[in-house]
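Before any comments, here is the structure.
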Amino acid sequence: MRLSQYFLPTLKENPTEAQIVSHRLMLRAGLVRQTSAGIYAWLPMGYRVLRKIEQIVREGQDEAGAQEVLMPTIQPAELWQQSGRYEVYGKEMLRIKDRHEREMLYGPTNEEMITDIFRTSVKTYRDVPKNLYHIQWKFRDEVRPRFGVMRGREFLMKDAYSFDLTKEGARISYQKMFLSYLRIFARMGLQAIPMQADTGPIGGDMSHEFIILAETGESGVFCHPDWIKTDPLKEPVGYNDDLNPFFEKYTSLYAATDEKHKPGAAGIPDSELLQARGIEVGHIFYFGTKYSQPLGAKVTGPNGDLITLEMGSYGIGVSRLVGAIIEACHDEAGIIWPEAVAPYKVGLLNLKANDAAATKICDEIYTMLQQAGVEVLYDDRDERAGTKFADCDLVGLPWQIIGGRGLDKGMVELKNRKSGERTEISIEDALNKVIGK
RNA sequence: CGGGGCGUAGCUCAGCCUGGCUAGAGCGCUAGUUUUGGGUACUAGAGGCCCACGGUUCGAAUCCGUGCGCCCCGACCA
């Protein structure tokens with residue numbers, strides 16, 4: 001993409017409304033624009049990041065055996081009246097009426113709806129287990145939206161729902177999601193740590209919040225230092241294997257938010273615990289028959305008896321992740337995207353845009369990168385070098401190829417946004433490095 | 001939902017207390033000169049229903065009332 005053609009409205013100054021760093025940077029880097037409190041429009045660059053995250057989540061869930069569906073944003077009130085949550089949910093739920101005065105709502109979550117879909121179609125134990133998920137916009141009418149996209153009223157969420165015959169089966173479904181989540185976040189370049197969360201009336205060890213570490217995180221966390229050494233992508237375990245050993249290994253390492261932290265409970269001296277801050281980006285839990293019971297989601301078992309399904313649900317805040325990643329990955333100059341979610345891999349800066357010979361070389365580099373399938377944002381604007389550097393750093397692409405005074409000798413500078421390291425190398429070497437990576 | 005703050009140019013803000021010239025600055029934008037590897041400098045421009053409605057007054061961005069919007073702290077939450 002040529003920057004001269006692109007819709008990327010960057011800001012030099014910080015908008016007053018944005019207080020936290022990710023919100024400021026998202027506005028300044030031209031990723032989003034706010035349309036009302038807690039509701040955002042996604043501009044081209046921001047939308048690319050959102051879709052990359054979404055795709056990593058999708059692939060991770062598919063691989064774990066979940067199947068993607070798409071449920072509507074608007075739901076009928078009846079379902080929620082059946083589950084009893086219509087009254088309970090309160091003002092957070094945006095209620096609306098259609099032209100026939102029928103009560104509808106903008107879905108804050110989809111347990112009722114998926115249970116309804118499932119119960120009407122699945123009648124025999126032979127059809128379970130199943131795990132269905134979708135990635136859809138949700139609305140919660142937060143009293144006080146804040147932190148930009150991190151706590152908006154409208155947000156994109158992946159939510160999966162598992163259906164099992166037995167609690168043991170539900171446990172397996174849960175463990176699959178546990179593994180899937182660890183891998184999904186790791187693929188995004190994030191260290192996510194599952195922490196035991198409230199399980200409500202059900203109890204047990206089957207509810208975890210996934211927290212990514214970021215200095216500006218909303219809550220304090222304590223965890224075992226060995227967490228840093230873990231790499232879920234390297235665990236030699238598959239979704240059809242017995243996941244118990246893996247689950248044991250990862251749940252036995254201590255990790256707790258400051259609210260739940262119990263001094264002395266870590267198994268190692270508290271002074272050795274890693275203290276950090278974190279942001280919740282995912283939540284998984286088992287809730288048994290909480291919805292299947294009132295909604296009558298049952299199947300016929302092997303003996304002909306009716307069995308109420310055991311369910312779990314598994315959420316990832318997709319739009320929230322955009323903000324969360326920026327909280328975890330930025331510096332004074334701007335965003336530093338992990339490569340897996342970067343809107344473009346390379347920024348190509350032509351510092352001599354008014355020099356025909358230099359421009360010709362940069363155009364060629366641009367073409368070669370495109371032909372090699374590298375996502376590249378080409379700053380071909382007739383701007384000062386300083387402006388280009390500032391914009392490119394702000395926007396946070398992992399690599400910068402800087403074409404300037406060395407161009408006539410076939411040299412460019414390759415800069416790594418994260419380390420800040422810059423090396424003057426030949427065009428060919430720069431291309432190889434960026435393409436090969 | 002309790003407490004606080006703020007709405008003036010695209011952005012950041014001054015002016016308001018103590019009402020009165022034609023409503024300002026910096027950045028951004030347009031044109032030109034300049035500069036040419038870290039948001040260059042100069043010149044000339046464009047750009048405003050001063051959040052809305054009502055009131056007080058000869059006169060309101062400024063004072064008063066009501067409403068709306070946005071932000072922050074807390075409670076709540078993915």
Side-chain angles (χ1 to χ4, degrees), chain A residues 9-20 23-24 27-28 30 33-40 57 89-93 107-111 135-160 181 192 195 197-198 207-212 217-219 257 259 278-285 313-324 332-334 349-355 358 379 381-395 400-407 411-413 415 420 422 424:
Chain A
T10 58
L11 302 170
K12 203 164 173 178
E13 289 177 271
N14 283 321
T16 20
E17 77 225 38
Q19 297 297 317
I20 63 159
H23 191 195
R24 282 206 299 266
L27 292 169
R28 285 194 52 209
R33 285 290 111 104
Q34 180 168 324
T35 62
S36 58
I39 304 181
Y40 294 83
V57 171
Y89 219 94
K91 290 189 170 178
E92 310 258 294
M93 187 153 76
T109 177
N110 286 69
E111 279 87 1
I135 300 173
Q136 177 64 291
W137 293 93
K138 306 274 192 298
F139 195 92
R140 290 186 196 168
D141 201 359
E142 296 280 350
V143 205
R144 191 188 158 205
R146 60 182 125 175
F147 305 145
V149 119
M150 297 241 289
R151 186 159 169 208
R153 292 194 290 172
E154 189 183 54
F155 54 96
L156 187 62
M157 186 171 168
K158 187 284 303 180
D159 40 326
Y181 272 41
M195 308 207 180
D198 278 330
S207 176
H208 287 89
E209 290 177 353
F210 286 75
I211 304 232
I212 65 169
E218 57 203 349
S219 49
T257 58
E259 293 170 342
I279 302 167
E280 184 185 347
V281 290
H283 196 168
I284 61 179
F285 53 99
S313 83
Y314 315 89
I316 290 179
V318 176
S319 50
R320 162 177 264 214
L321 265 165
V322 179
E332 284 302 300
L349 312 196
N350 178 5
L351 298 189
K352 301 174 108 180
N354 51 9
D355 176 324
D379 193 344
R381 296 172 304 171
D382 184 15
E383 287 288 347
R384 312 237 343 146
T387 303
K388 296 191 177 194
F389 286 132
D391 273 343
C392 201
D393 285 348
L394 173 64
V395 147
Q400 297 175 16
I401 294 177
I402 300 157
R405 52 193 167 216
L407 276 175
M411 302 294 280
V412 291
E413 236 177 295
K415 174 176 164 181
R422 310 155 59 128
E424 179 143 15

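In what follows, every chain begins at residue 1, and chains take the letters A, B, ... in the order their sequences are listed.
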Considering only atom [atom1], compute the distance from [N] to [M] and round it to an integer number of Å.
N: B:U18; M: B:U62; atom1: P; answer: 14 Å
N: B:C50; M: B:A60; atom1: P; answer: 13 Å
N: B:C1; M: B:A14; atom1: P; answer: 31 Å
N: B:A9; M: B:C49; atom1: C1'; answer: 13 Å
N: B:G69; M: B:G32; atom1: P; answer: 45 Å
N: B:G39; M: B:C29; atom1: P; answer: 15 Å
N: B:U57; M: B:C73; atom1: P; answer: 43 Å
N: B:G24; M: B:G48; atom1: P; answer: 14 Å

Between [X] ([atom1]) and [N] ([atom2]), how many Å, whole number?
X: A:E383; N: B:C29; atom1: CD; atom2: C1'; value: 11 Å
X: A:R381; N: B:C29; atom1: CZ; atom2: P; value: 10 Å
X: A:L11; N: B:C29; atom1: CG; atom2: P; value: 12 Å
X: A:L394; N: B:G38; atom1: CG; atom2: P; value: 18 Å
X: A:E332; N: B:G38; atom1: CD; atom2: C1'; value: 15 Å
X: A:E13; N: B:G26; atom1: CD; atom2: C1'; value: 8 Å
X: A:N350; N: B:G38; atom1: CG; atom2: C1'; value: 16 Å
X: A:R24; N: B:U12; atom1: CZ; atom2: C1'; value: 14 Å

Within this structure, what is the [atom1]-[atom2] distance for the pair [X] and [Y], rounded to the nearest 0.5 Å?
X: A:I279; Y: A:M150; atom1: CD1; atom2: CE; answer: 4.0 Å
X: A:R24; Y: A:L11; atom1: CZ; atom2: CG; answer: 12.5 Å
X: A:N354; Y: A:E383; atom1: CG; atom2: CD; answer: 11.5 Å
X: A:E209; Y: A:I284; atom1: CD; atom2: CD1; answer: 10.5 Å
X: A:D379; Y: A:I401; atom1: CG; atom2: CD1; answer: 13.5 Å

Report which part of the nucleic acid [X] touches: base, sugar-phosphate, or nothing (heavy-atom distance under 4.0 Å, all strands).
X: A:K388; answer: nothing
X: A:K158; answer: nothing
X: A:G404; answer: base
X: A:D159; answer: nothing
X: A:D391; answer: base

Per atom distances to the A:R405 side chain, the nearest of B:G38, B:G37, B:C11 is B:G37
Give each protein N/O atom lying under 3.5 Å from an N/O atom of nucleotides 5-8 of chain B, with the pair distance.
none

Show the distances under 3.5 angstrom between N or O atoms of the protein and N or O atoms of nucleotides 40-48 of chain B.
from  : atom 1 : to     : atom 2 : distance (Å)
B:U40 : OP2    : A:R384 : NE     : 3.3

task = Test A:H283 against A:S207 for side-chain contact (heavy atoms from CB on, under 4.5 Å), laying out the working first.
result = CA-CA 7 Å; A:H283 196 168; A:S207 176; 3.3 Å; yes
**Request:** Classify the side chain of A:E413 and the base of B:G37 as holding, or not holding, a donor-acceptor pair under 3.5 Å.
**Result:** yes
Result for salt bridge (charged side-chain N to carboxylate O under 4.0 Å, His left out) between A:R320 and one of A:E280, A:E218, A:E154 points to A:E218
- [ ] On the 0 to 90° scale, with breaks at 30° and 60°, tag the A:Y181-A:F210 ring pair as parallel, tilted or perpendicular.
- [x] tilted
The single option from A:R381, A:R28, A:K12 that satisfies side chain to side chain donor-acceptor pair (under 3.5 Å) with A:D391 is A:R381
Heavy-atom contacts, protein to nucleotides 71-78 of chain B, under 4.0 Å, summarised as B (base), S (sugar-phosphate only) or - (none) per nt, yield SBBBBBBB
Could you check which nucleotide pairs with [N] in any of the strands shown, counting Watson-Crick or G-U wobble with both distances under 3.5 Å?
N: B:G69; value: B:C6
N: B:C1; value: B:G74
N: B:C63; value: B:G55
N: B:C16; value: none
N: B:G37; value: none

For A:E142, the side-chain contact (heavy atoms from CB on, under 4.5 Å) test, sequence neighbours excluded, returns A:E92, A:R140, A:P145, A:R151, A:R153
Across all chains, not counting sequence neighbours, the side-chain contact (heavy atoms from CB on, under 4.5 Å) partners of A:D393 are A:A333, A:Q400, A:K415, A:R417
For A:F155, the ring-ring contact (aromatic ring centres under 6.0 Å, His included) test, sequence neighbours excluded, returns none
*May I ask you to check whether over 12 heavy atoms, not counting those of A:E259, lie within 6.0 Å of atom CD?*
no
Nearest heavy-atom approach of A:D382 to A:A353 is CA-CB, 4.1 Å
